[in-house]
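Some notes on the structure that comes next.
Here is how names work: the chains are called A, B, and so on, in the same order as the sequence lines, proteins then strands, and each is numbered from 1.
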Amino acid sequence: MPFQQLKESDGLIETQLPSHMQRIEFDKLQLSSVYDDKYVEGTILMKYPSHELGTGEKAFKMVLEESTTRQPMSNLSTINTFVFGKLVDDCEHTLKQGDKVVLSKFLVRKSASASKDGRHVLQLELSEETGATVFVYAKSMKEPTAAHNVNLPIIERSKIRMHDYTYIPLNKVKGGITVNVYGVVKFFKPPYHSKGTDFCSTVTIVDPSNARLNCVLFSGNVDLLPKIHKMGDVVRFHRIKIQEFNKELQAINAPGFSALTFDGTPGAPLKPRTTSKSYQFTSTDQRTVEELRKWASADPSIHKPTIRLSEVKPAEYFDLTCQLIAKAEVDRSAVLLKVWDGTQCPHPLWQVPVDASALEGDPADIHRLRTLAVDVLVYDNHIGAANLLKVGMYLTIHNLHAKLITPTTEKPSISLDPVPEMGFHLHGGTSYGRGITIMPADCSAVQQLKQSLESALSADQDSLGDLSLLDILNTSKRPSASEATSAARIERCQQESATVLTAHQHIRTTPIQEILDQSPPQKYRIRAKLVNYEPRALHQSVKLYCPKCCSLQEIPNDDDIDTVLQGLYSPGSAAVDPDVRSHDAAWYKTAMWEAEGERQRRITVHLVRTGEEQSVPEHSTILVEGMSLNDLYRLSERFGRVIPTSSRTKCLSLNDLSIPFLIEDRKWHYGCKNCSDPQPVNVLQSLSQSGTWESSAIAKVLGVQLLSYVFVMKFTFDDGSGSLDAFLWNEAEGFFGISAADIMIDDVLQGKLTRIMDTLCPSRTNPDNGPWLECCVKSYYAGDGSEQKTYYQIFDTVVAETEDI
DNA sequence: GATTAGGCTTCG
């Protein structure tokens, strides 16, 4: 129901909305597609006359003021609002300045004029395409800022009407007008970061009128740009503005722009690629898409054959649809991607020399796919996109350059000339649509790719059968902790082992002596007894790990933390600037007192304000200053989140990262000194608006690289044939079923771990007394350059559940 | 109503 007026007698607007709809304040709005379950409420401060777009549809602009805003003087309290299409006819004459309105299912975009008009940085856009609804109170209210809406009335409801969109052929577009068009993609650049603030995508479309149109599309939200996968895709654009550039017509996206993209294959499903959940798509639209598909399918300049690795020719530029096996940062200007498409490149492959430890990806997969995987070097402006990729993803790499190079050998070769090798490069720049598109698993290109990958695997079952990428391929999820545990129980009955495997049960057991004779990387299953483990003191087995720089460090002990804290409030440390703390801030309330028995120490607590007035301490966040170690323990028992700060400068700042920067539910979170760039604590204000106080969100906003707790232990196994040292490395609940972070704050868990280790390894003097352990172990090379050594790591293994532990 | 880019191969 796009437009409703409220009548005397019917009461609150809220009662007219579905119960799941909730109000969102202007200052909590964020850039995103459609708020399906939120509405805004405001008073019309200004309303401009409607005007007709070149599409024949109307549009008008108004400015809304949030009457009950919590920040009345802020520029977030007024917001530009644009209404498009049929909705204009419905409500332009009814809405008046001073009216109170409620809007739902609107689109949020960046405001183009915020810097000039000083209003909200975002704007609202309403059209039937988003399913937008406008509610209005009948009479202009004398006091638009009145906070209570009770007993306001409803007058009438208008019927839903579909808007008839007009699409014009490309040979009919003229400069200066805004139009809707259909077209077939003849050329495109996938969205990339422009040098300005937005993503950019250029798209050339053609249609049977034999005209072509270059479109330059910008959006701060990449999801609003067309999701084109290949040439020949069919697109529908609403509201593009035609203008002249270099004596040619070009199109740019106009306010209210929206795009649908369809697979270009005739007969393919008519499901558009879009993030919008609500769009108008009629039977006429269906016919148009199918006609364009048929028209373009005959044109070989649009529908070029896809090229697979088995078909690639030297010096060729081509689009490769593939799966990512591994990646590594080579240097500042290049990232290495190891990818495969299930076919084998017929040329000898150039391999980028990188340290195996620098490769992100399963070493066993990398090893097993080594004959099918190709190395792709990604340069310059594409590095950002490459860094966002995750192993296992399906990709299309656009305009990949296959280049034959002849390796230069240092020593002159006596017998043979060096053989040219093929390397793959995604060069810098965006020419020819260069870029990387992440392909959704359900698109037709990926369906074909999966078939190819699966047939490659079945063709070589022996060597590829134990591929962990298979999990992704078959979309079978990995066992959850509870599933693994129940699987563990069953396994244990059969194996009489104190540990059980969560996968790879089909692999045969390899004697340790045989493992020691082989070169890494390999995966094995062993059956052995635990003859020793280190460190023996369990608290020493938990460390802090930085996922960014991969450094490992000890957890700071209480004495060290206490020393740092004392340094912060000791007399003479100039720790107090009374001016800073004397006032509440907009986003927190402040309380101050002197520490009992310590006249020099002033304790300050800033309680972060939340939307709800009655927030329980367990869910509250406090910023604290002048705390002793005991204070921190005490407060962290009571408050959900405690953030130690100090205000030596004019603003609140974090302390040295040798003490925790956040205590959340009694867990002490530390930041990496190498990888963090701490920001003033004021930046947390953005979280108090969005309401998401996860430790990861807090760390991100504060510029802190979060360290994770990991178990690091060395197990010595012996199976009679030989002895092998293997590392146990667990962040989450892996091997022990206990997370390293949880054990730090839980005495019961510490006791449990002690009992587990006593069971697995009861006596160093007579290890035969201990139980057998089934373990998965993988071998790998590590070390620097010349000093490479073989190491072993335990994986996919858990301790079996027993009643007595 | 401000910008971005405005298809047209790197040079590793």
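The residue A:F318 sits apart from the nucleic acid: no heavy atom pair falls under 4.0 Å. Counting non-hydrogen atoms under 4.0 angstrom, A:E316 reaches nothing in the nucleic acid.
Cation-pi geometry between A:K47 and A:F60 is satisfied (NZ or CZ under 6.0 Å from the ring centre, within 45° of the ring normal).
Within 6.0 Å of NZ in A:K227 there are more than 12 heavy atoms belonging to other residues, nucleotides or ligands. Summarising the local packing, NZ of A:K241 is surrounded by 12 or fewer heavy atoms from other residues, nucleotides or ligands at distances under 6.0 Å.
Only the P atoms considered, B:dA5 is 23 Å distant from B:dG1, to the nearest whole Å.
As a whole-Å value, the separation of A:Y48 OH from B:dG1 C1' is 12 Å. The nearest whole Å value for the distance from the CZ atom in A:F257 to the C1' atom in B:dG1 is 18 Å. Atom CD1 in A:I242 sits about 14 Å away from atom C1' in B:dG6, given to the nearest Å. When rounded to the nearest whole Å, the span between OH of A:Y192 and P of B:dT3 equals 17 Å. Rounded to whole Å, atom C1' of B:dT3 lies 15 Å from atom CG of A:L217. In this entry the distance linking CD1 of A:I240 with C1' of B:dG6 reads 15 Å, nearest Å.
Distances were taken from every side-chain heavy atom of A:S111 (C-beta onward) to each of B:dG1, B:dG6, B:dT4; the shortest belongs to B:dG1. The side chain of A:V216 lies closest to B:dG6 when the candidates are B:dG1, B:dT4, B:dG6.
Between the side chains of A:D319 and A:T396, not a single donor N or O lies within less than 3.5 Å of an accepting N or O.
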Report summary line: Letter by letter from the 5' end, nucleotides 7-12 of chain B scores (B base, S sugar-phosphate only, - none; protein heavy atoms under 4.0 Å) BSBB-B
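Judged by distance alone with a 3.5 Å cut-off, no donor-acceptor contact links the side chain of A:E244 to the base of B:dG6.
The ring-ring contact (aromatic ring centres under 6.0 Å, His included) test with A:H238 singles out one residue from A:F84, A:Y182, A:Y167, and that residue is A:Y167. Among the candidates A:F187, A:Y432, A:Y317, A:F188, the single residue satisfying the ring-ring contact (aromatic ring centres under 6.0 Å, His included) test with A:H398 is A:F188.
Rounding to the nearest 0.5 Å places CG of A:L225 at 10.5 Å from OH of A:Y192.
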